[in-house]
Number of protein chains: 2
Amino acid sequence: MSYALSGKRHVAPSTRRRIQDVIDELGYRPNAAARALKEGRTRTIGLVIPPAGNRLTHMQLDFVASVVDAAARVDLDVLLSSSGGDHDRSFERLVSEYRVDGVILMEIRLEDPRVGRLQKAGLPFVGIGHTAGDQQMPWIDVDYAGLIQHCVRHLADLGHRRVALVTRSPELIAAGYGPARRAREGFETALTERGLDGIEVPCGDDARSGQECVEALLRSHPDLTAVTTINEAALPGIQRALADTGLEVPYDFSITGVAARTWAEDFRPPLTAADVPAQEMGEKAVSLLVERIASPDTPPRHILLTPPISLRSSTAAAPTPWPSRVDRAAH
Amino acid sequence: MSYALSGKRHVAPSTRRRIQDVIDELGYRPNAAARALKEGRTRTIGLVIPPAGNRLTHMQLDFVASVVDAAARVDLDVLLSSSGGDHDRSFERLVSEYRVDGVILMEIRLEDPRVGRLQKAGLPFVGIGHTAGDQQMPWIDVDYAGLIQHCVRHLADLGHRRVALVTRSPELIAAGYGPARRAREGFETALTERGLDGIEVPCGDDARSGQECVEALLRSHPDLTAVTTINEAALPGIQRALADTGLEVPYDFSITGVAARTWAEDFRPPLTAADVPAQEMGEKAVSLLVERIASPDTPPRHILLTPPISLRSSTAAAPTPWPSRVDRAAH
DNA sequence: TTGTAGGCGTTATCAT
DNA sequence: ATGATAACGCCTACAA
């Protein structure tokens with residue numbers, strides 16, 4: 001077939017013309033599978049998302065969208081696969097049938113069997129999140145420990161003495177979910193450092209859980225004056241529970257944490273929080289993967305993102321314990 | 001190669017054993033591209049999502065997740081592609097390089113060039129949403145017209161005389177976005193039918209826009225007592241604008257519309273709304289597509305979903321015009 | 001029951 | 001400058 005006219009070698013205008021006519025007449029379209037077979041690569045990357053049961057958070061959604069975007073920019077297609085749950089077949093197909101040139105693995109667990117699987121298959125991949133061990137793999141992660149530590153310090157500086165950390169669901173924690181674990185580390189570090197009282201509570205990824213969780217918290221710890229969280233989906237519920245209890249943010253109660261920018265800005269009042277740079281993560285993940293595909297034997301790079309904490313309006317000085325709520329009227 | 005032992009024909013245990021040994025030793029793994037080339041199908045479907053710029057709504061997200069899920073259940077992979085914006089190359093690759101066996105096309109416009117493109121390519125597809133013309137294509141859609149009509153009737157029954165329809169963004173409407181158009185039809189039908197005053201306002205897909213939009217609405221139409229909407233992303237803003245104005249839902253003001261179940265339930269108070277059955281739509285879309293791929297010449301089926309309107313707590317009798325807000329204290 | 005050959009559509013190489 | 005040919009890996013029909 002005289003198809004080397006994809007610019008590879010020189011061709012006479014007349015021939016080019018003739019070929020074009022044939023293409024038009026026969027409605028010729030190139031076949032990706034044949035090309036993939038010949039070239040040994042698919043120009044497709046796999047994106048492994050958490051199972052659909054656990055609905056994706058905004059952060060994750062933004063991340064997926066930005067991966068698709070970044071991939072499209074370098075002419076890569078994205079094959080979606082949810083792993084975990086009952087359809088691990090999908091993941092297995094991805095890694096074992098040469099369907100993709102590389103994989104982006106979301107929601108890595110501290111001990112994650114998928115990592116070993118990918119390594120055994122020799123398929124290039126980058127993780128979103130990192131495992132506990134020192135496994136040789138490239139990853140991108142958000143520095144939850146540092147961020148939460150920073151948040152708690154901020155609260156301590158404002159005079160809060162007892163703060164709570166609202167983390168993710170019990171199941172996720174039990175499964176060894178990195179961000180939850182590392183948020184805890186940062187939380188405890190800051191607690192010790194500043195001599196604060198802290199309480200950590202797991203919380204489902206939805207408004208209802210957030211509400212119940214904070215209600216319970218306020219009942220059991222009436223002296224609580226601040227919360228920090230990595231659970232953005234719980235935020236509307238947290239807000240609601242506070243409002244229902246008659247606590248006004250930030251005068252009576254401070255909130256801070258890490259969340260997608262939209263959520264932080266949509267919070268009322270706007271949330272003092274580290275804005276997870278989902279867009280940036282998506283772009284970096286793709287370029288890291290592309291790099292990895294090109295040279296699989298380079299030592300893996302790690303990118304730990306520490307977005308700045310945007311000071312908005314959800315944190316303020318701790319209410320003075322006694323007499324309490326009238327104080328601020330005096331200002 | 002002697003591995004028609006994928007169950008096709010009978011094979012002696014000894015041979016099978018021998019082959020298995022070789023497989024293990026060489027680390028043989030089947031190659032999807034080769035299979036696709038031979039079989040003439042890819043076992044992959046394409047899912048065309050709106051461009052990442054416009055962040056996906058929860059409805060859309062739920063839909064994507066359920067498509068991935070349903071596809072996995074029948075061992076199909078999902079190739080993601082965002083169309084519109086600047087990366088139409090991605091869409092073009094999808095339709096013209098035999099990368100997928102069929103396509104699910106989200107966010108169909110009333111006049112949508114992609115439909116013609118797919119038809120010309122002879123690629124099976126199903127649309128989420130339908131075009132204006134009588135184009136021969138299978139689709140699944142939500143009956144926005146009927147739903148909004150129903151919502152307005154409900155408001156009329158409750159005594160509301162002037163209601164607003166909060167629709168989607170001006171750009172989307174200008175682009176001929178079906179749901180916006182059809183919501184308008186239903187709105188106007190109900191208005192005429194019941195002799196109500198109505199006003200339709202476009203609104204961006206985010207909380208901020210929702211808030212601004214309702215604030216403007218309340219300024220320009222002080223006698224407004226109810227809103228119906230198809231813009232779920234605007235809901236938090238609508239809620240906020242009302243609260244800021246001191247209007248209590250549902251006593252002073254009623255809200256209803258169509259939204260993902262989560263949003264309706266998370267609304268405060270819980271929203272009387274038609275819950276978009278995203279999950280069901282995803283499953284149906286996949287099975288419609290599979291059917292279509294199997295027999296492309298069958299006349300295309302259409303599925304118009306009319307989910308029931310769940311009566312929750314965001315609608316109530318219109319406040320009596322004069323004297324107004326004290327009335328309900330008397331109850 | 002098992003081995004072998006040919007072709008799916010592409011592209012790279014070799015010959016013209 | 002262009003036409004012919006082989007090979008990527010899988011599947012299947014046919015031969016042994």
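A note on names: the letters A, B, ... follow the listed sequences, proteins ahead of strands, and every chain is numbered from 1. For the numbers below, each heavy atom of this structure counts, side chains included, while hydrogens, waters and symmetry mates do not.
Per the geometry, CD1 belonging to B:Ile23 stands 15 Å off P belonging to D:dG9, to the nearest Å. Between the CG atom of A:Asn31 and the C1' atom of D:dC10 there is a distance of 14 Å, given to the nearest Å. The CZ-P distance, from A:Arg99 to D:dG9, rounds to 17 Å in whole Å. Taking atom CZ of A:Arg41 as the reference point, atom P of C:dT11 lies 11 Å away to the nearest angstrom. Between the C1' atom of C:dC8 and the OH atom of B:Tyr98 lies a distance of 12 Å, rounded to the nearest Å. One atom, CZ of B:Arg18, and another, P of C:dT1, lie 15 Å apart when rounded to the nearest Å. D:dC10 atom C1' lies 7 Å from atom OH of B:Tyr28, rounded to whole Å. Atom NZ in A:Lys38 sits about 7 Å away from atom P in C:dA12, given to the nearest Å.
Defined by atom type and a distance below 3.5 Å, a donor-acceptor pair is present between the side-chain atoms of B:Arg114 and B:Ser83.
The 5' end of DNA chain C is approached more closely, in terms of each residue's nearest nucleotide, by B:Pro13 than by the other of B:Pro13 and B:Leu37.
B:Gln119 and B:Gln136 make their closest contact through NE2-O, 3.1 Å (heavy atoms, listed as atom of the first residue, atom of the second, distance).
Side-chain proximity of A:Ala34 to D:dC11, C:dT1, C:dG9: nearest is C:dG9.
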| Are A:Thr42 and A:Asp101 close enough, and set up right, to give a side-chain hydrogen bond (donor to acceptor under 3.5 Å, both in side chains), and what steps lead you there? | CA-CA 6 Å; A:Thr42 59; A:Asp101 298 333; 3.0 Å; yes
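Salt-bridge check for B:Arg93 with A:Asp75: passed, with a basic side-chain N closer than 4.0 Å to an acidic carboxylate O.
Distances shown here put every side-chain N or O of B:Arg35 at or beyond 4.0 Å from the OP1 or OP2 atom of D:dG9.
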